[in-house]
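Because the structure is a prediction, the values reported are computed rather than measured.
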Amino acid sequence: MAMKDSTMPNFLNIKNFDKSFDDLSSLSQLREEAFLNLKDIGIPSKKFERWKYNDLKNDIRNIEFSLCKTSIKIKKNKLDKFEINEIDYFKKNKNHYLQPLKYLKDEGVVNLNLSYSNLFKVLTIKKDLKKPIIVDIKSEGHGMSFPRILINIYNNVNAEIQFLNRGGLGFINQITEINIGKNSSVKISRLNESSSIHSETFFSNLGRNSEINLKNLSIPKNKSRFQVFNSFIDEYSSAQFKSVSIPYENSKDDFLVHNNHLSSNCKSDVGMRSILGKETESSFQALIDVENKIKNSRADQDCRAILLDEKASMNAKPEMKIYNNDVICKHGTTIGSLNQDHIFYLNSRGLNKFEAEKILLQGIISEYISEDSPLINFLPEKYK
Amino acid sequence: MKNFLKIKNLSISVDDKCIIKDLNLNINKGEVHALMGPNGCGKSTLSNVLAGKEGYDITNGKISFSGENLLKFSPNERANKGIFLAFQYPVEIPGVTNINFIKTALESNRQYNGLDPLKPGDFLKLIKEKAELLGISDEYLKRQLNVGFSGGEKKRNEALQLMMLEPSLAILDETDSGLDVDAFKIVADAVNSTRGKKNSMLIITHYQRLLERIQPDIVHVFINGSIIESGGPELAEEIDKNGYERFNNA
Ligand SMILES: Nc1ncnc2c1ncn2[C@@H]1O[C@H](COP(=O)(O)OP(=O)(O)OP(=O)(O)O)[C@@H](O)[C@H]1O
Ligand SMILES: [Mg+2]
């Protein structure tokens, strides 16, 4: 097959990778399949619609092609019982290995992960959790890593999960999948403080009357991409995505959220709050799909970006593919600086420019990250 | 102090349109002045300029406050030096809790003036006391700043901030407008209770009834950007009865 992508030769050493995983041989056929897709598609660059604001291919060009050290620690409450598996889970459930391709076949980073996944955690949650599970993913040093986390939530279960993504100096390409059973709900708090080039593709598959509520605090120190694909497999399910993004100077934070209304009577609600300082960049693509036969959908999108510096930029692109009339949609995008009348009001009470900005930005952040959120402790000092 | 606030030959334009024309006004410490004038004559413009809002061209004149050139100070410095403007149209600020905001304002103010912050307990006691005086319930303290407040509730909240910050010069821009009969009495009496030898007030109003509760030392009639007549409380009574006709023709 002709090589379409100049970055690809780097990735051809798949055999080398496999050596560190003797026990992966039973999956090598599936990995090859993903690898063939990858060869065909290539590493994402701006020429792909989903990656129009992001050139990953260029960003990772100089990253060493070796594995960096990554750990996934699961912290749990003693009383909470659930299964934790690793690669053996996929050996027993081979058909789950390529499940992400069922929802997204033509995505370079997904096929890349499936080709090289080097770190697996599979959580099977059968009962309500008393306390949140903490999934702490830490990377160190240069090089690459391809972690994969799969969470299966049974029917009638309420769970709360915190994800922490941190560290590294190379490239982390992660897949996270959550399958949510009937009448179940999952509350997720995600922190992204990665200092690596970070790409995470997140899938949720929602069963009947299930719910996912994802709060994200993204404070990347490098280039970061978070793409979320929610599939409403059955009716009366709902997905909420609320994200606060505050990239560090010289960092970039990209988001894509795709809500695929495959069933009737489902709700999606997507919101973004970006606070962009000096030399920062962000993008937000919000996609909604509602097929012809689907009834009574509700799909909201809302994006607000505050540019604190002339050298900050935001691209926001809401996109709706709606093939019927039975959808209620609310959407709005505002990009601009802080409201000068608000600043004057606060100044007129004695708050200086810094204090006024701080209290206004805290106000914006608090729309999504409330005082009782575990994410509040991770906010940059000046917004605490 | 004589000439606590001294405005001399002040002219202000917005977008090349002259709004304040050669205005002169002196307020001594401890005095209450009332400013009355028809819609659009420039009352709020003057208040905004005193508070330091941007976007106004000061084409001529001087303003001194407590012996210093007021115009060189930023809005927050002016506030911390003791100027308080109760806005005609207070803005709504989502996400900012009313009580947190007032606490931050009070702390900035105390810090600027070399005072330690109040202990949390003392602050809470103080704000509850003032809020009760104004008929503001705890729920309003916890709400987002002015968000969804009715017109009258916003005005009460301005009065609450005034009472918490204890300014040496309070400018009330139609604080009485929008208040119902009972609220009007409560707010007017509460504001009147802050009156003292060490602070002054500039009360902008359309209604003489406010001046019955907060009796001014001097009433100014403000037409087309200048004060054209000053006098005692009887001037307010006259305006209440006959409107501005006599002054318009003057
Ligand atoms: N930013 C501005 N741009 C253009 N015109 C302005 C601006 N601010 C004030 N004006 C004009 O200046 C004049 C004075 O306005 P101002 O708000 O000071 O009046 P006012 O005396 O407070 O009236 P009211 O009694 O209705 O509150 C009005 O004609 C107003 O339209
Ligand atoms: Mg006015």
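In this structure, Arg349(A) forms no cation-pi arrangement with Phe101(B), as its terminal cationic atom is not both closer than 6.0 Å to the ring centre and no more than 45° off the ring axis.
For the set Leu85(B), Ile83(B), Asn109(B), the count of heavy-atom pairs under 4.5 angstrom toward chain A peaks at Leu85(B). With respect to chain A, the highest number of heavy-atom pairs below 4.5 Å among Gly52(B), Pro90(B), Ser108(B) belongs to Ser108(B).
Of the atoms belonging to Asn146(B), it is side-chain heavy atoms, and not backbone ones, that fall under 4.5 Å from chain A. In this structure, no portion of Leu106(B) lies under 4.5 Å from any heavy atom of chain A. When heavy atoms are compared at a cutoff of 4.5 Å, Ser348(A) approaches chain B by way of both its backbone and its side chain. Only the side chain of Glu355(A) comes within contact range of chain B, with heavy atoms under 4.5 Å apart.
Within 6.0 Å of the NZ atom in Lys8(B), the count of heavy atoms belonging to other residues, nucleotides or ligands does not exceed 12. Other residues, nucleotides and ligands contribute over 12 non-hydrogen atoms within 6.0 Å of the CG atom of Asn69(B). Under a cut-off of 6.0 angstrom, the local environment of NZ in Lys197(B) is sparse, with at most 12 non-hydrogen atoms contributed by other residues, nucleotides or ligands. Heavy-atom neighbours of Lys187(A) NZ from other residues, nucleotides or ligands within 6.0 Å: at or below the threshold of 12. A 6.0 Å sphere centred on CD of Glu319(A) holds more than 12 heavy atoms belonging to other residues, nucleotides or ligands. Dense packing is recorded around NZ of Lys29(B), with more than 12 heavy atoms of other residues, nucleotides or ligands lying under 6.0 Å away. Atom NZ of Lys223(A) is surrounded by 12 or fewer heavy atoms from other residues, nucleotides or ligands within 6.0 Å. For Lys81(B), the NZ atom counts as densely surrounded, since its 6.0 Å shell holds more than 12 non-hydrogen atoms of other residues, nucleotides or ligands.
Put simply, the side chain of Asn347(A) never gets that close to the backbone of Asn76(B): no donor and acceptor are under 3.5 Å apart. Side chain of His342(A) to backbone of Glu92(B): a donor-acceptor contact under 3.5 angstrom is found.
Looking at heavy atoms from C-beta onward, Leu346(A) lies in side-chain contact with Ile93(B) at the 4.5 angstrom threshold.
In this structure, Gly350(A) and Ala79(B) approach most closely via the heavy-atom pair N-CB, 3.4 Å.
Between Gln144(B) atom CD and Glu367(A) atom CD the span is 7.5 Å, to the nearest 0.5 Å. Here the CD1 atom belonging to Ile359(A) is positioned 6.5 Å from the CG atom belonging to Asn100(B), to the nearest 0.5 angstrom. From Gln362(A), atom CD reaches atom OG1 of Thr97(B) across 9.5 Å, with rounding to the nearest 0.5 Å.
For an aromatic pair to be called close, the ring centres must be under 6.0 Å apart, and Tyr89(B) with Tyr345(A) fails this.
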